[in-house]
Every structure is written in structure tokens, then in C-alpha cells.
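Computed from a predicted model, the values in this text were never measured in an experiment.
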Amino acid sequence: MQSADVVIIGGAAVGSATAAFLCREGFKGRVVVVEKDPSYQWCATGRSVASIRRQFSTRENIELSTFGWQYFSRIKEEYGPEAHVSLVERGYAIMASPEGAGVLRANIALQQGLGADVELLAPDALKAHFSWLNMDDLAGAGWGRSGEGWVDPHAHLALMRKRAIAEGVTYLADEVVGIDVERGAIAGVRLASGARIATRTVVCAAGWHSRKVAAMAGIDLPVRPRKRYVFVIDCPTPIPGAGLMIDPSGVYFRPEGRYHITGVAPPEDEDPDAEDFDIEDGFFERLVWPTLAHRVPAFETLKVMNAWCCHYDLSTLDHNAILGPHPDVAGFLLACGFSGHGLQHSPGIGQAMAELIVHGAYRTIDLTRFGWARIAANAPLAEANVF
């Protein structure tokens, strides 16, 4: 029987960040990461749009994004002169209708108060920035002047895994099929291979599989797998200066090389739990293209070049992460429910989880409000800016 001081279930962005930052924080115990898909082709990290923004409505999310941007900006200092994550600095433009203008102003005031370089663009200023936008039904937009953009998620994951392995972390290509709880505390995990790892600390960083993992420890976790589509489109008309543009409807697009990528979350009544990777026929034509063509008339002549599916680990209570220890199962730590922003927040989450394990408390960013207490109290900490 093997043993470990910490077992991390899930080795994608959040799990590997936890492993790498444990090493960074000076943890000397044995760490094992169990990842059932070592190719990472089915996880959200490998299929992520991998964008970074500070335009959230919740303080903790803004601070996590700030930490992440600083980390990505110093990647060569962190990992060496050959390291890269292909960081692109290009702002988000989060557009608002007249009905949403008040919420937009309040969100931007919060973001600016926390040091985010975000400005409120009135319609005339928005049109001056993006002459190709249809402004007829817009009241303005938040625009990230700096500190927002996107990265290569595969390069980011590879760097963290390499760092963790070099520091002695063990990665197992296996699947956790059982969690042993004795007298209210974690005692070990059982693997599909038949092995067992004795441990007193388990971190659930299993993304959209997290509900099933938590259930093995007797925990009913309000996290569900929700399917999202990403479409690659070609537009013959240039659309200069675009960042990550988000329509009030939630339809988004951003440049990706010579193409653009786009998508939208479906309406709530069309968003069931799902674990398949099938793409619904007609989804793009029904829910994406009409909005794109309305907002950017040049998109009337676009062509869909490719598409893929990923899954959010959606926090059904409030679309915010569920972090930290569970009060009824000692040694069971949660790092899931990111609802689509796990990749961008993974550096900050890795730091936070490492601090909990090493020091017993958050030190860099206080993420206490993301803990289980709000779940137990059914007291949502709602995040408005989820796309």
C-alpha cells in the first residue's frame, strides 16, 4: 500500500497549480496527483478559450485574476528564459444594454477600486474604439485597457506539471474510484488499478467530475457538468482592434490568429447536466450567428471552420468557486465549481490551496467567502459576469 501526505484528484490546471504551488510554498511531504486522462484531451483546461479578465462582479475573482495576470506576465522569471505561455494582452469589452448600464457602472467602480485598469466607454467612445460595432441598442461597455488577454492553456499546464514533477510530485495515470473516510476524517483513496493510497489530505480538483468525487466522501456537492461549445469562424471583412467582445446577450467572440472564436452559454432551461461531447445541430445558427450579425454586420458573411465542446464545472448555487475544507470530513479540501474561469484563476487557486495545506490559512488572497459555509447556509455569493 502506498502513502502520501497529500493526494490531489485531478491533474489539469487547478490540480497541477496546487501541486506546483505546494512546492513553491516549501511543502516537504509526498504529493501524489491522480489524473485519469493524462492526455488532457477531455478536460476543460485542454479545451479552454483561456482568456483572462479582471471584469468580474466579485472581489475575490478580481483579485484572483490580478494574481494570475502578474504570474503569467512574469513567466520567464518563474520558470526560466525558455518558458512561455504565449500571453496576448488584449482587453475585454463587456457591453451593456440601457437596462444593464447601472450594473455595469457598479461593477467597473468595484474593479477600479481594486486596481483594475478598466474604463467605462460611453457609446461614442465605444464606437470610436470599434467602428465596426452596431451601437443601436448599447449603453456602453467596460473596456480593459491593460491586464487582460489570453494564454496558451497547454503551455501553462505543461510548465506547472514539469515544475511539480521536478520537485518530486508523483503523477499517476489512474482514476480514484473510492475515498475512505474513518471517524469523520480522510483515511485514503482507492484507485481503478486496484491500488490504495493512505493519506490524511485529499484535494478535489476534478473539474466537471468533482460532484462524483465528492460523493465518494459522502458529500453532496452543488457542482454540475454543463456543456459549452466553441466555434471557429472566418470572416472575409477585417475587424481591427477586437479584444474579447461580449454582447449583452452573453455571445462572445475574440480573434484567434486569422480567425475568430465565438460561443454562448445556452438558456438555463436548455442547459442540462451533460458529459458527452456532441455538438447540437443548429445551435450556432439559432443562438450565436443572429447576435453576431446584429452586433457586427460584417459577420453576416462569416463561415464556420471548426467547433469543439468543453464542460464547465458549474457551481449551481451562485457560479462561484467552492474552496477549502469541508466541515464534516476532515482533510477533504475542495477546489472546484469555477463555472468557466478555472484556467485563468488557477495560479491564484494553487497559491491559496498551498497556503491552506502548509499554513492552515489563506495569506495572499482571503478566499474565505468561497468556503463551504455559504453552501451550508444556502447563501449565494453571486457572480454576475459569467460567460
Side-chain angles (χ1 to χ4, degrees), residues 1-38 40 42-43 160-161 164-223 225 313 321-337 342 346 349-350 352-361 371-372 375-376:
M1 180 177 66
Q2 303 180 59
S3 64
D5 296 281
V6 178
V7 173
I8 300 169
I9 304 175
V14 172
S16 285
T18 300
F21 278 83
L22 272 171
C23 301
R24 194 174 186 248
E25 201 65 16
F27 185 69
K28 301 302 182 185
R30 183 167 188 253
V31 179
V32 174
V33 178
V34 183
E35 172 53 57
K36 69 177 184 177
D37 174 28
Y40 298 99
W42 304 113
C43 66
M160 292 189 298
R161 288 184 77 253
I165 291 169
E167 294 286 346
V169 173
T170 299
Y171 276 71
L172 294 181
D174 210 328
E175 180 178 2
V176 173
V177 295
I179 297 176
D180 297 330
V181 179
E182 298 177 358
R183 295 184 291 278
I186 292 294
V189 300
R190 286 170 278 120
L191 307 181
S193 63
R196 183 180 185 273
I197 306 173
T199 186
R200 294 296 181 185
T201 303
V202 165
V203 178
C204 176
W208 54 280
H209 300 288
S210 291
R211 181 174 183 242
K212 292 182 285 187
V213 170
M216 298 176 198
I219 296 167
D220 184 13
L221 184 66
V223 171
D313 55 328
I322 303 173
L323 298 179
H326 192 279
D328 299 329
V329 183
F332 191 79
L333 280 68
L334 294 156
C336 54
S346 57
I349 297 300
M353 299 307 291
E355 290 172 353
L356 280 181
I357 293 168
V358 175
H359 308 294
W372 189 261
I375 310 298

What is the distance from atom [atom1] of [X] to atom [atom2] of [Y], rounded to the nearest 0.5 Å?
X	Y	atom1	atom2	result
K36	L191	NZ	CG	13.0 Å
I219	S210	CD1	OG	11.0 Å
T170	I8	OG1	CD1	11.0 Å
I357	T201	CD1	OG1	6.5 Å
M160	S346	CE	OG	4.5 Å
M353	L323	CE	CG	6.5 Å

Measuring only between side-chain heavy atoms, which start at C-beta, is [X] closer than 4.5 Å to [Y]?
X	Y	value
M216	R190	no
I179	V189	yes
C204	I9	no
I186	V329	yes
C23	V31	no

[X] side chain to [Y] main-chain N or O, any donor-acceptor pair under 3.5 Å?
X	Y	answer
R161	S16	no
Y40	A13	no
D313	G337	yes
H359	A361	no

Inset, instruction - Let me see the working for L334 and V223 under side chain to side chain contact (heavy atoms under 4.5 Å, CB included), right down to the final yes or no. - result: CA-CA 11 Å; L334 294 156; V223 171; over 6 Å; no

Legend entry - Residue pair D174 / S193, side-chain donor-acceptor N/O under 3.5 Å: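 Result is yes, a qualifying pair exists.
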
Closest contact, heavy atoms only, [X] versus [Y]:
X	Y	result
A4	T199	O-OG1, 3.0 Å
Y171	A19	OH-CB, 4.3 Å
A205	V14	CB-CG1, 4.0 Å
E25	A354	CB-CB, 4.1 Å
F332	A214	CZ-CA, 4.0 Å
A335	I349	CB-CG2, 4.4 Å

Inset, instruction - Run the numbers on V213 and V202 for side chain to side chain contact (heavy atoms under 4.5 Å, CB included), then give the verdict. - result: CA-CA 10 Å; V213 170; V202 165; 5.7 Å; no

